[in-house]
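Below you'll find the structure, written out as structure tokens, and then a few comments.
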Amino acid sequence: QVQLVESGGGLVQAGGSLRLSCAASERTFTSKAMGWFRQAPGKEREFVTAISWRGLSTTYADSVKGRFTISRDDAKNTVYLQMNSLKPEDTAVYYCAGTSGPHWGVTTAQYDYWGQGTQVTVSS
């Protein structure tokens, strides 16, 4: 089973930036689509963004479009989430996830592998 480990979370003021990283344990990472989800207190886990295998395509939730950027470095088995212009409503635990195949999805059911999550807190 692929293991995913997130890092880079923290506390930042509104308008600031943060970069999250997600490292995968296996070389098969290159054949998978990767996504980021987030979950705020009292809310359902929410899709944020995803990237296809080889980084051929990306998709973003409307709430983060234009502010967040997903990328991947297959040589390092790592996917990144660059977050700019952060808002207090971005506060959540952020999870990276991987599919079994090359195509991304926008629901949690479409992902087979999950990290432990990293906390992002945006102060107003």
Ser57 side-chain N/O to Ser52 backbone N/O, donor-acceptor pair under 3.5 Å = no

According to a 4.5 Å side-chain heavy-atom criterion applied to Ile, Leu, Val, Met, Phe, Trp and Tyr, with indirect links allowed, do Val79 and Phe47 form part of one hydrophobic cluster?
-> no

Rounded to the nearest 0.5 Å, what's the gap from CG on Leu20 to SG on Cys96? Could you check?
-> 9.5 Å

Gln39 vs Glu44, side chain to side chain contact (heavy atoms under 4.5 Å, CB included): CA-CA, chis, key distance, verdict = CA-CA 6 Å; Gln39 188 166 20; Glu44 299 293 322; 5.5 Å; no

Taking all atoms of both residues into account, what is the closest heavy-atom pair of Ala14 and Ser124, and its distance?
-> CB-CA, 4.4 Å

Hey, are Asp73 and Thr78 close enough side-chain-wise for a donor-acceptor pair under 3.5 Å?
-> no

Shortest non-hydrogen pair, Gly10 vs Leu18, comes out as N-CD2, 3.8 Å

Between the main-chain N or O of Ser85 and the side-chain N or O of Arg67, is there a donor-acceptor pair closer than 3.5 Å?
-> yes

Straight-line distance of Arg72 CZ to Ile51 CD1, nearest 0.5 Å = 6.0 Å

Does Thr99 offer a backbone N or O that forms a donor-acceptor pair with the side chain of Gln110 under 3.5 Å?
-> no

Considering all heavy atoms of both residues, which atom of Gly9 and which atom of Val120 are nearest to each other, and what is their separation?
-> CA-CG2, 4.2 Å

So, Gln13 side chain and Ser123 main chain: donor-acceptor pair closer than 3.5 Å or not?
-> no

Would you call Arg38 and Val64 a side-chain contact if the rule is heavy atoms closer than 4.5 Å?
-> yes

I would like to know whether Gln119 and Thr91 meet side chain to side chain contact (heavy atoms under 4.5 Å, CB included); could you show each step before the answer?
-> CA-CA 8 Å; Gln119 177 71 48; Thr91 295; 4.0 Å; yes

Can you measure from CG (Asn84) to CZ (Phe68) and round to the nearest 0.5 angstrom?
-> 8.5 Å

Report the residue from Glu89, Glu46, Lys87 that forms a side chain to side chain contact (heavy atoms under 4.5 Å, CB included) with Ser63.
-> Glu46

Rounded to the nearest 0.5 Å, what separation is found between the OG1 atom of Thr49 and the CH2 atom of Trp36?
-> 10.5 Å

How far does CD1 of Ile70 sit from CE of Met34, to the nearest 0.5 angstrom?
-> 7.5 Å

What's the spacing between Thr121 OG1 and Asp90 CG if we round to 0.5 Å?
-> 11.0 Å

Partners meeting ring pair (Phe, Tyr, Trp, His ring centres under 6.0 Å) with Trp53 (sequence neighbours left out) | none

Please check if Val93 and Tyr80 belong to a single hydrophobic cluster, counting links between Ile, Leu, Val, Met, Phe, Trp and Tyr side chain heavy atoms closer than 4.5 Å.
-> no

Say whether, by atom type as modelled, one donor and one acceptor occur between the side chain of Tyr111 and the main chain of Gly105 under 3.5 angstrom.
-> yes

Test log, rule side chain to side chain contact (heavy atoms under 4.5 Å, CB included), inputs Ser17 and Gln82 | CA-CA 8 Å; Ser17 297; Gln82 178 67 47; 4.0 Å; yes

Non-neighbouring partners of Ser100 that pass side chain to side chain contact (heavy atoms under 4.5 Å, CB included), sequence neighbours left out = Asp112, Tyr113

For the residue pair Met83 and Thr69, establish whether any side-chain heavy-atom pair is separated by less than 4.5 Å.
-> no

Is there a side-chain contact between Leu81 and Arg19, using heavy atoms and a 4.5 Å cut-off?
-> no

How would you list all residue pairs meeting ring pair (Phe, Tyr, Trp, His ring centres under 6.0 Å) that involve residues 83-106, not counting sequence neighbours?
-> none

Aromatic rings Trp114 and Phe37: how do their planes relate, parallel, tilted or perpendicular, breaks at 30° and 60°?
-> tilted

